2 protein chains.
Amino acid sequence: MHSLHDEVLTRLREFIVEGNLAAGARVPERLLCERFGISRTPLREALKVLASEGLIDLLPNRGARVRRIGEREIVELFDVMGGLEALAGRLACERITETAFAEIERLHHEMYGHYLRRDLHGYFACNQAIHDRIVQAADNAPLSATYASFAGRLRRARYSANLDANRDRWGEAMREHEEILDALRRRAGAELSDILFRHLRNKRRAAADREAASPSEATAGENA
Amino acid sequence: MHSLHDEVLTRLREFIVEGNLAAGARVPERLLCERFGISRTPLREALKVLASEGLIDLLPNRGARVRRIGEREIVELFDVMGGLEALAGRLACERITETAFAEIERLHHEMYGHYLRRDLHGYFACNQAIHDRIVQAADNAPLSATYASFAGRLRRARYSANLDANRDRWGEAMREHEEILDALRRRAGAELSDILFRHLRNKRRAAADREAASPSEATAGENA
DNA sequence: TCCCACAAAATTGCATTCATTTTTTGCAGA
DNA sequence: TCTGCAAAAAATGAATGCAATTTTGTGGGA
């Protein structure tokens, strides 16, 4: 689709998710119009959509502001992600093909290699790939879309459970992934569902701990 | 907020969810503008949002059409609802207050009364209320919003698992609700989560069976 | 009768314009 | 210097205008 609105929507979403605008900052219509080389109409349409996605707030007569995500909301978003992954795992157990499972297994072993070599970057890439593959294997379009949307919101909050700062958690996460693979191999849906939710919970806890240790701008000035 | 856009969005969403527009039908901008007494700009903004919510399709240069929901997608939506309720149940076990639980328990007994009296209408009202209370008890804003959105999409498809046509299912559903209340009472999160997902699965299956028995316009002409 | 080409009408996407509201600026008075 | 207020400037919300695309209607030819 070569719709101007859609392109602006995608680009603006990317722009915000990537954190190019400070939290709480005004989203300057005029400036963005110039940046994208369009008039206000399509930009405003995109803003309404982004607001419905929860990325920005729309204050009546006061324009759009990048949504400020507080501690509380991050916890809530993590829990929803956990619920969605739990669902994905359960559905994946019902539908996953042998080849798709083999691919996840391969990624798992590759990830283990990164773990042994203490290669954080490679580990994260595999980790993300595995979770994405599980969602893909669930083969449920609305689920995939919702998952992507929430992942974007969390990414905007710049919350990466940086294991480097919390090495104990790394081993724990690796063990959890062993359980994940095992449950998936046995196609134990309910079990995998439970493991995945707890996995996300632990990830959230690790992120929270890390945040408590070195608070970033995400928490500072939250009630400004 | 007295924003024209927001009011139009809400009204138009309601209008579509309630099924006032036939599936696959064109959404006539001009007509709706007159009906709502507004110009095209705020209406078009609302259309973009509704498209992002999955209620309508936006074809480039061809206007908006009410989204046609096929069998496949209904199954997918039911599964997501199941996943969301499963999550809500788990979170509710962690956070629910005694008074909130007591209210659900009361609704449960009231529902049981309707069941005994074969009062389908009262039964459904209580049933819905219980599920809503569980989501409320989860106390998670993004979850509540997502749940409401999916509920709307399913409602648009006019899928009510009409127990009247499938009396066997009624008893089964009632037993499942006994399990739900029991797990919630024991604050058994993982268990409740599992029961709720299976509960929705069974509801979906009942709906599908009923649909197979007497196919409505929702399935007829799906590939038109 | 059926089919296709072609022009008229309607519809869409986006830009521009206009009225209101908010925000900033400037200045008088304490 | 600081405060309060009024006017200017800017920004927002919505309507209108305009070019481009699609849809509809009609007539000619097979």
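No hydrogens, no waters, no symmetry mates; every other heavy atom, side chains included, goes into these values. Every chain is numbered from 1 and lettered A, B, ... according to where its sequence line falls, protein lines coming before strand lines. Quick caveat: nothing in here was measured; it's all calculated off a predicted structure.
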A.B. asks: So if I take every side-chain heavy atom of B:Arg40 and compare against D:dT12, C:dG13, C:dA15, which nucleotide ends up nearest?
C.D. replies: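 Of all the options, the side chain of B:Arg40 is nearest to C:dG13.
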A.B. asks: In whole angstrom, give the distance that lies between atom CZ of A:Arg44 and atom P of C:dG13.
C.D. replies: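 After rounding, the reported distance stands at 17 Å.
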A.B. asks: Indicate whether OP1 or OP2 belonging to C:dA9 is found under 4.0 Å from a side-chain N or O atom of B:Arg30.
C.D. replies: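 No, no such contact exists.
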A.B. asks: Counting distance only, does the side-chain N/O of B:Arg90 pair as donor-acceptor with the main-chain N or O of B:Ala138 below 3.5 Å?
C.D. replies: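 It does not hold such a pair.
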A.B. asks: Is there a donor N/O on one and an acceptor N/O on the other, under 3.5 Å, for the side chain of B:Ser39 and the base of D:dA14?
C.D. replies: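 No.
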A.B. asks: Taking the inter-plane angle between the rings of B:His199 and B:His131 on a 0 to 90° scale, is it parallel (under 30°), tilted (30 to 60°) or perpendicular (over 60°)?
C.D. replies: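 Aromatic pair B:His199/B:His131 classed parallel.
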A.B. asks: Base of C:dG13, side chain of B:Arg62 - is there a donor-acceptor contact under 3.5 Å?
C.D. replies: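 Under the 3.5 Å cut-off, the side chain and the base do not form any donor-acceptor pair.
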A.B. asks: With a 4.5 Å limit on heavy-atom distance, are the side chains of B:Arg153 and B:Val17 in contact?
C.D. replies: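 Heavy-atom side-chain distance check fails, nothing below 4.5 Å.
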A.B. asks: Expressed as a whole number of angstroms, how long is the span from A:Leu31:CG to D:dA11:P?
C.D. replies: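 The distance from CG of A:Leu31 to P of D:dA11 comes to 9 Å, rounded to the nearest Å.
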A.B. asks: Nearest to the side chain of A:Thr41 - D:dG13, D:dA15, C:dG13?
C.D. replies: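 Selected nucleotide: D:dA15.
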A.B. asks: Of A:Arg65 and A:His5, whose closest DNA chain C nucleotide lies nearer the 5' terminus?
C.D. replies: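 Its nucleotide being nearer the 5' end, the pick is A:His5.
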A.B. asks: Of A:Pro42 and B:Ala64, whose nearest nucleotide on DNA chain C comes first from the 5' end?
C.D. replies: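 Taking each residue's closest nucleotide, the earlier one in sequence belongs to B:Ala64.
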A.B. asks: For residues A:His114 and A:His121, determine if any side-chain heavy atom of one lies less than 4.5 Å from a side-chain heavy atom of the other.
C.D. replies: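 Not in contact.
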